[in-house]
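Chain letters run A, B, ... following the sequence lines, proteins first, then strands; residues in each count from 1.
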There are 2 protein chains.
Amino acid sequence: MVKRSEVARAAGVSESTVSYVITGSKPISEATKRRVHKVMEEMGYKPNAMAKALRSGSSRMIALLFNVSDHHGINDGDISYVLGAANEARKNGYHLILWPAYDREIEDAILQAQTGLLDGIILMEVRLQDDRVDLLHSLNIPVGLIGRTNNYETEIYADRDFEAAEEVAFAELVRLGHTKIIFLSTTAKQYREGYGAIVRGEKAAKFLGNKFDVEVQVIHASNTIESGIKAADQFSEKFDDFTGIISLNSEAVIGFARGIQRLGFKVPKDVSIICIDTIEQGALDAEPSLTTVSPPAAEMGAAAVRGLIKSLRAENDDNSEKLFVGKLVRRESTASVPSGRSIRKDR
Amino acid sequence: MVKRSEVARAAGVSESTVSYVITGSKPISEATKRRVHKVMEEMGYKPNAMAKALRSGSSRMIALLFNVSDHHGINDGDISYVLGAANEARKNGYHLILWPAYDREIEDAILQAQTGLLDGIILMEVRLQDDRVDLLHSLNIPVGLIGRTNNYETEIYADRDFEAAEEVAFAELVRLGHTKIIFLSTTAKQYREGYGAIVRGEKAAKFLGNKFDVEVQVIHASNTIESGIKAADQFSEKFDDFTGIISLNSEAVIGFARGIQRLGFKVPKDVSIICIDTIEQGALDAEPSLTTVSPPAAEMGAAAVRGLIKSLRAENDDNSEKLFVGKLVRRESTASVPSGRSIRKDR
DNA sequence: GTGAAAGCGCTAACAT
DNA sequence: ATGTTAGCGCTTTCAC
């Protein structure tokens with residue numbers, strides 16, 4: 001590896017001059033610049049990243065903490081958030097370390113931040129009250145969130161605008177004539193744990209029910225197909241006059257769609273379904289394919305990283321987008337309510 | 001940030017002694033060790049990672065190049081390989097940088113390896129002849145593969161043992177009485193591009209057909225549900241007396257299963273399906289759920305990283321596992337061929 | 001516009 | 001068993 005000093009000698013200048021040429025931090029004559037560049041080129045000089053990091057006190061590394069656990073499978077769709085984040089980091093001269101975190105553990109990432117390995121940390125699956133966020137703040141470790149806490153005004157984050165996203169879904173169903181809408185959420189346990197998506201999502205559903213003057217009922221299911229199928233039973237027994245489904249549960253909705261069809265409901269003839277939070281692939285795999293208002297996951301991952309990097313650079317970030325809606329993609333699961341509709345269950 | 005010299009002063013020893021205590025590279029008296037440790041603890045000393053990296057000439061960073069493109073969607077299932085890799089890196093004191101690569105580009109990763117930012121690179125979607133591998137070798141940049149080239153004997157890699165995996169599937173179908181088996185592969189284009197999975201997969205299928213003395217026909221489809229549905233037409237027209245399907249195509253198989261059912265074939269009553277290469281979630285989402293011999297993706301990602309790290313440490317790696325089979329998981333898509341069976345198409 | 005020199009925090013060869 | 005010292009490759013005052 002050829003180094004700075006060798007380049008300097010070969011170019012007949014001092015080491016510091018080479019630095020100035022590279023960083024542009026001082027005015028250097030055109031002639032010298034050219035000469036130095038030429039020598040660097042010829043010698044195949046590559047500046048050493050670790051030396052720069054040591055000197056500058058910044059590793060340009062960001063860790064993205066990716067929660068894994070043995071209990072529940074990984075959310076395949078999360079790869080989009082992660083890739084969006086990694087891509088944005090690279091665009092800005094940073095690098096994204098993928099950091100598997102068991103049980104939301106954060107200690108080892110903190111340790112590495114304190115050793116100077118990490119300039120900052122990105123958190124996913126944020127709760128309204130999130131110990132991890134508080135802890136990182138108290139240690140002065142820069143954090144960006146995909147999601148957000150209750151007091152997000154002071155945070156760096158990128159999150160879904162659940163109300164706006166659901167409003168798109170409600171508007172679509174209302175436009176199609178639906179007036180009785182089921183909101184398929186996750187379990188009470190997860191609600192209690194305070195995941196922003198769930199709490200904000202349910203709240204928005206109720207609010208929008210009023211706003212659009214339609215009846216809204218919430219059904220809970222855990223994030224599995226099985227659980228969705230069970231939810232379909234519940235639907236059939238208690239809510240079989242409802243015609244619209246808006247789902248916040250990317251897994252269960254697949255089972256739900258299957259379940260109600262097994263019970264004799266036609267999708268979309270009898271029941272229309274829109275997914276708010278979804279794995280795109282799952283929505284495509286489902287039968288019929290599901291209409292969605294999907295989160296722009298890659299953009300959100302990118303925005304969280306961009307915000308974090310701006311803050312690391314002490315740049316202002318006031319005008320950047322922090323809340324994302326997502327676009328309505330109409331697929332096979334939505335249709336108008338037939339005039340004079342009444343559900344027939346073919347059993 | 002408290003540093004080495006401060007610890008040394010506070011403990012009344014020299015800086016190097018502190019180093020020896022930490023690295024254990026020289027014998028130090030128990031008393032001194034204890035004292036130094038106590039002081040480090042009290043002062044909250046954290047060794048600086050960048051200084052260590054500079055000094056040691058090793059960043060302990062590995063980049064995993066993740067191919068992305070605008071043409072074909074990302075394979076959601078790949079997250080398991082990536083997480084397995086990241087996890088293994090951390091276990092060994094390394095860190096995995098997720099590196100999105102457009103069009104299989106590798107130049108910027110090479111550059112960063114040359115700046116000392118990267119100790120090594122992990123490649124996915126490896127082709128039998130892979131320019132990227134050759135290039136990295138020629139530049140003396142350590143590489144690990146998830147997948148493998150034609151001359152893999154000298155490579156660090158973790159790959160599927162396609163023949164063994166398919167043998168599990170063949171054996172299962174044969175056990176169930178199937179004697180006419182369709183092998184659902186990907187497109188001719190991808191075959192020509194020389195992806196190991198496809199070339200080795202098809203070859204193994206033909207070999208195993210002979211070995212088990214069953215008839216094998218290959219059907220090609222691109223990696224979409226639509227394409228799988230079309231393949232079902234082909235099946236119905238030309239191969240409707242075939243009763244077993246073994247699929248190497250994780251996307252198309254979902255459409256294929258749907259397509260043949262629409263055409264009146266019952267799964268698994270008339271046709272049994274086993275997936276060799278699959279996204280677990282997709283196999284669960286499908287209706288009926290699909291029997292699989294899935295790749296142990298996380299293990300494979302881990303093995304590739306482990307091999308690379310061993311090589312970076314100049315350790316011997318001869319006895320480690322490089323080829324992975326995967327386990328048969330029976331689900332709803334497989335059943336015995338009814339005695340005296342003949343396919344009825346209900347149309 | 002350019003150079004000399006100090007130092008980021010660590011390690012290890014060479015003392016003692 | 002412990003200390004002295006040089007230096008990893010870079011940046012950045014401070015001089016001229």
Between [options], spot the one nearest the side chain of [X], thanks.
X	options	result
A:Val13	C:dG3, D:dA1, C:dA12	C:dG3
A:Tyr20	C:dA12, D:dG9, D:dC14	D:dC14
A:Lys26	C:dC8, D:dA15, D:dT12	D:dA15
A:Ser29	C:dC8, C:dG1, D:dT4	C:dG1

Rounded to the Å, how far apart are [X] [atom1] and [N] [atom2]?
X	N	atom1	atom2	result
A:Arg35	C:dG3	CZ	C1'	14 Å
A:Glu6	D:dC8	CD	P	10 Å
B:Ile28	D:dG3	CD1	C1'	10 Å
B:Glu15	C:dC8	CD	C1'	12 Å
B:Glu30	D:dT2	CD	P	10 Å

For A:Gln112, enumerate each residue passing the side chain to side chain donor-acceptor pair (under 3.5 Å) test, keeping only those at least two apart in sequence or located in another chain. A:Thr115
Under 3.5 Å, is there an N or O donor on one side and an acceptor on the other linking the side chain of A:Thr17 and the base of C:dG3? no
Do A:Tyr102 and B:Asn87 pair up side chain to side chain, a donor and an acceptor below 3.5 Å, judged on atom types alone? yes
Indicate whether any N or O donor in one side chain lies under 3.5 Å from an N or O acceptor in the other, for A:Ser16 and A:Ser19. no
Above 12 or not: heavy atoms from other molecules or residues under 6.0 Å from CD of B:Glu41? no
Within 6.0 Å of CD in A:Glu42, more than 12 heavy atoms from elsewhere: yes
Among A:Val2, A:Val18, A:Val7, A:Val13, find the one that has a side-chain contact (heavy atoms from CB on, under 4.5 Å) with A:Val39. A:Val7
Select base, sugar-phosphate, or nothing to describe what B:Thr32 touches, counting heavy atoms under 4.0 Å on all strands. sugar-phosphate
Within the structure, does a side-chain N or O atom of A:Lys3 lie under 4.0 Å from either OP1 or OP2 of D:dC10? no
Output side-chain donor-acceptor pairs under 3.5 Å for residues 58-65 of chain A, partner residues at least two apart or in another chain, one line each.
{"from": "A:Ser58", "atom 1": "OG", "to": "A:Arg60", "atom 2": "N", "distance (Å)": "3.4"}
{"from": "A:Ser58", "atom 1": "OG", "to": "A:Asp119", "atom 2": "OD2", "distance (Å)": "2.6"}
{"from": "A:Ser59", "atom 1": "OG", "to": "A:Met61", "atom 2": "N", "distance (Å)": "3.1"}
{"from": "A:Ser59", "atom 1": "OG", "to": "A:Leu117", "atom 2": "O", "distance (Å)": "2.7"}
{"from": "A:Ser59", "atom 1": "OG", "to": "A:Asp119", "atom 2": "OD1", "distance (Å)": "3.2"}

Is there a residue in residues 37-58 of chain A whose heavy atoms reach under 4.0 Å of DNA chain C, and which residues are they? A:Leu54, A:Arg55
